[in-house]
Amino acid sequence: VSRLLSLAALLSACTGAEPTTPPPPREKVLVIAANADMQSMNPLTTTLSDDRNVIANLMMPIYQFRFDCGATAEPGLAKQWSWSDDGRTLRVDLRDDITWSDGPKVTAHDIAFTYQLMANPALGGGFASILRHFEPGAGPRVIDDHTLEWGFTSAYDHTAQLAHTSLFYLPKHIFESVPPEAIAAHSYATNPLSTGPWVFTDRSPGAGWMLRPNKAFTGPEDMRARLDRVEFRVLPDDNTRKLELVSGGVDMVTGLTPADVDALRRQRPDLTFTARGMRRLEQLALNPTVEPLGDPEVRRGLAAALDIDRMFNTMMRDSEGKEWGRRSVGPISPEFCQAAQRPATPIATDPQRARDALAAQGWRDTDNDGYVDKNGQKLRLSLLYASEHAPAKQIAELSQVALAAVGVELVLDPAPKAVAMERRKKLDYQIAYAAMDTALFLDPSAAWRTPPPNSPAPMNLTRYSNVAVDALIDAGMAEPDPQVAAAYWAELQRIVYEDQPSIFLWWTSDLVVVADRFSGTSIDLISPLHNLHGWDIQDAQ
Amino acid sequence: VTRWLLGRAAYAALLVWLVATLVFVLAEVATSPPTTEDAEGQEHLLACLLHTGADGPTLTRYVDLLRTGGLGAHSWRPPDCRPVVDLLRAHLPPTLLLGGLSLLVAWPIALGVGAWQALRSGSRADAVTTTAAVSLHAVPGFLVALGLQLLVRPLGLPLTTTLHRAPIELILPVVSLAVVMATGWIRPVRTAVVEALALPHVEAARARGLPEAHVLRRHVLPHALRPIVVLIGLSAPRFVAGSVIIEKIFAWPGMGRLLAESAANGDAPTLIMGAVLVAACVAAGDLLATAAAAALDPREVPA
C-alpha cells in the first residue's frame, strides 16, 4: 500500500497543476507558392514583375503609391517634394535616417548613381523610354546628401513623373566598383541589401527563398515586419500549388481562375479570395493583312458573332454568381475610373451582323456546306494561342463554335508559349489570343500608337495605326491634370473599340487566395505583396 | 571486337550530330534571342546577351555549336545569361539522385516480381499480377504522382520539395518514378526468365535435382539478364533528361524542369545543349548495353 501511495504521489507530482514553462510562441510564418523561380533581386537586371514585387518589400520606397481610380503618391524615403510652376523641375527632400542593411546611410548619391547606371548602354537600354523624359544627363542633380533635383523635358501626369523618378535605387558603395557589364552576374542578385522592413535570405535555387525581418531597419515603427518569416516555395505545377494550399503546405497562391475559386472554396472554407484589380485585357487580335480581317465591319461582325457575354458568364463567373472580371469596351481599364467613366456600349451579340459584313465582302455560302466561300475558297481562319494556357484554349474552343454558326471555319492553332509570342511579334498569325497587362499609369502609346516603320512593336499586336488615336495619345500624355487627360482617353477608348483591331473580350484580375488567419493583408492592384510588413497572424499564440 | 565497337561509337557520334542539327534548326525557326521591352514597347536585346554573339549569323552559331559541342554557349535566361554548362551542373545532380534512387527501388521490384511471375507462368497469380503491372504502367506518370500525393496527404508527408530539401521529401518523387520504371520492366523480365526456364541446360539442372534457388541464380538469371541489361541501358536517358512531369509536380529542381522551362521560354541554347546531352546518353547507353550484352554472350558480336 505504501508503495502504491508513493507511486501515486510521484504521479501527482508529475502531472500536478503547478505552472510549467509556457511553450515558446509559434513562429508566425507565411508560406507563398511562387509560380516560378526568382531571377534576380537586383531590380536593374530582373525581367520579372514577381521579383520586383519581392524587391519592393526589401526597400524603403521613395514614394508609397496607392491606387484609387489612379495612382497617388505619399511620402516614403522622400519626406517631401515640390514642383516648379511649369511642372518641369522636381525638388525632393529625402529622410536622413534610413540605412542600408550593411550599415551606410541611404543618400541622394545612391539614387543619382542608379539612374546613371540605367542609362549605361552596357545594360541594354531597357530604360530609354523613361530616361528620355529627363533633361540631358539622364538623372537627378544631387543638391546635398539628402536633396535631389530632377529636370524634365516636359511636364506630364505628376504622379507618373514621380513614379519615373522612383523606379528603384541601388547601393552606390557596392556597385561603384563593379563594371556595368558585370552587374547582371554580381552576387547582389541573390544576396541583396535592404533598406526596408525585410531582408532576403535562404535562397535555394529551384526550390525557393525567404524573407526575414530586417533587424537593422531604421524607418518608421509602423513599417516593421510583424511576421517572423515569409517563405516562398517554387511550385511550377498548377495542380500541385492548389493541392499544397488545400493541405496547408502553403498559405497563399496567385494566378487562379474563377473555376479554381469554386473548387478551393469547397475544400477549404477558411480561404479568402481577392481580385487584385483589372489590369489584364484579354483579346483576340485580328491580323488586318489577312482577308477579310482588314475590313472594320467584318471585325465588328466577328465580335458580334462570338456571344462574348455568354463566354464571360462561362469563364469569369463563379458558382455563387460573383464576377471576377468585366467585359471590355476598349483598351482603357475600368480601374482608371475617370478615363473609363463614359464607357462605350458593348457590341451586341448578333450573328446576322457577321453574315452581312462577310456577304458585303463577297463571302457567301454558295455551295451550301455551311461555310461561306469566295472564288471557290472556303473562309478558314486560324486562332493562335499558347498551348500551356488553359483559359486561352477554352476561349478558342468557344470561338470556334460561335464562328462556325456564321460560316467561318476556325482552326485552332496552339503553340508553345515562346513560339506563340514569337509569332505574334512577327504578325505571323491570322487571329491570336493575347492577354496584355496595363501599367499603373495610363500610357496607351506602346499598344495603340502607330509603330515606327520597320521596327518591332511587340505590344502593338496588330500594328494598329490611326492618326486620330496618335493625336489623342500625344495630347493625353502631355496633360499634367489626370482629370483633363481623362477626356482624351475616353475618346481614344471609343475610337479604338469602334475600329475593333482586336476583339475585346474582358478585363481580368490576378486572383489571389490567402488563408484567412492572416490579418492586415493589403493585396491590391499595385502588388499581391504590397506592404507585406503589415501582415500578421491573429491566432499565433 | 575493337572494329565493331568503333563502328558502334561512330554510329553514336552520328546520332548526336543529327540530334544537335535537328534541334538547332527547330530552335532557329521557332525562337530568337530574348529582348526586354521598355515602357513604350520598344525592344532591346537582353543586356547580358550583348556580347555573346547570340544574335550573330546562323552559320557562325552552328559552327560554334559543332566546334564546342555547345559547351561555350550562354543560356538566354535573364538576368545573367549564365553559361549553359553552369545550368547543367546545377540541375544534373538532383536528377541523377532522383533517377538513381528510383532505379535502386525499381530494379529489384521488377526483377523480383518478373521472376516470381515467370516461375508461376500461366497461373492465375501470374495473370492477375501481369494485368496489374500492365494497367499501372498504362497510367500516365503525372496521375501516379498526383494519386500518391492524395494518398499520403493525410499522413502529413511533404507533398513537394521545400527549401529545406529534407531526405523525406524524396520519398514521393522516387516512388512515383520507380512505379513508372518498374511496371515497364516487369513484363520484359518475366518474358526473359520464362524463356530462360525453357532452355535445355536449365531443364537438365532441374532434372539433376538441384535446388530451385540455385538453378535460378546460376542458370536462369545469367541468361535472362542479357535483354534486361539492354533495356536498362536504353533507359539511361531518363536519368539525365529527368522526368519532366514528375519533377514539375514535386517541384524537384532537376534536368526535366530545366529543359521544360527552356522549351517554354524559348531558351534555345539550353534546349540544344540538353538535347545533345540526352542524345549522347542514348548513344552511350546503347553502346554500353550492347557491350554488356556482348560480354554476357559473345555470340552478340558479329563476325
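Every chain is numbered from 1, with letters handed out A, B, ... down the list of sequences. For the numbers below, each heavy atom of this structure counts, side chains included, while hydrogens, waters and symmetry mates do not.
- Residues A:M41 and A:Y188 form no side-chain contact, since every pair of their non-hydrogen atoms from C-beta on lies 4.5 Å or further apart.
- The side-chain heavy atoms of B:V105 and B:L101, taken from C-beta on, include no pair separated by under 4.5 Å.
- Classified by interplanar angle (parallel below 30°, tilted 30° to 60°, perpendicular above 60°), the ring pair A:F232/A:W209 is parallel.
- Neither the backbone nor the side chain of A:A420 comes within less than 4.5 Å of any heavy atom in chain B.
- Residue with the most contacts toward chain B among A:D51, A:L235, A:N460, A:L243: A:L243 (heavy-atom pairs, distance under 4.5 Å).
- Both the backbone and the side chain of A:P236 come within less than 4.5 Å of a heavy atom in chain B.
- With respect to chain A, the highest number of heavy-atom pairs below 4.5 Å among B:L258, B:I249, B:L150, B:V29 belongs to B:I249.
- Contacts with chain A were tallied for B:P253, B:A264, B:A90, B:G266; B:A264 has the most, counting heavy-atom pairs under 4.5 Å.
- Between B:R77 and B:D267, at least one side-chain nitrogen of the basic residue sits less than 4.0 Å from a carboxylate oxygen of the acidic one, meeting the salt-bridge criterion.
- No hydrogens or angles considered: a donor-acceptor pair under 3.5 Å links the side chains of A:S465 and A:T450.
- Taking B:T160, B:N265, B:D80, B:T161 one by one and counting their heavy-atom pairs under 4.5 Å with chain A, the maximum is reached by B:T160.
- Using a 4.5 Å cut-off between heavy atoms, A:V31 does not touch chain B at all.
- With a 4.5 Å cut-off on non-hydrogen atoms, B:A260 does not touch chain A at all.
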Stepwise side-chain hydrogen bond (donor to acceptor under 3.5 Å, both in side chains) check, B:T21 with B:Y62 | CA-CA 8 Å; B:T21 304; B:Y62 179 65; 2.8 Å; yes
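- Counting heavy-atom pairs under 4.5 Å between each of A:P180, A:S247, A:S40 and chain B puts A:S247 at the top.
- Checked by atom type and distance alone, the side chain of A:N42 pairs as donor or acceptor with a backbone atom of A:L44 at under 3.5 Å.
- The residues A:R203 and A:D37 are annotated as salt-bridged, a charged nitrogen and a carboxylate oxygen being separated by less than 4.0 angstrom.
- Interface remark: of the candidates A:E244, A:H186, A:E231, A:E244 forms the most heavy-atom pairs closer than 4.5 Å to chain B.
- Residue A:P121 touches chain B through its backbone alone, counting heavy-atom pairs closer than 4.5 Å.
- Looking at A:Q39, the atoms closer than 4.5 Å to chain B (heavy atoms on both sides) sit in the backbone and in the side chain alike.
- The closest side-chain donor-acceptor pair between A:Y156 and A:H164 falls under 3.5 angstrom.
- Contacts with chain A were tallied for B:R82, B:E261, B:R153, B:H91; B:R153 has the most, counting heavy-atom pairs under 4.5 Å.
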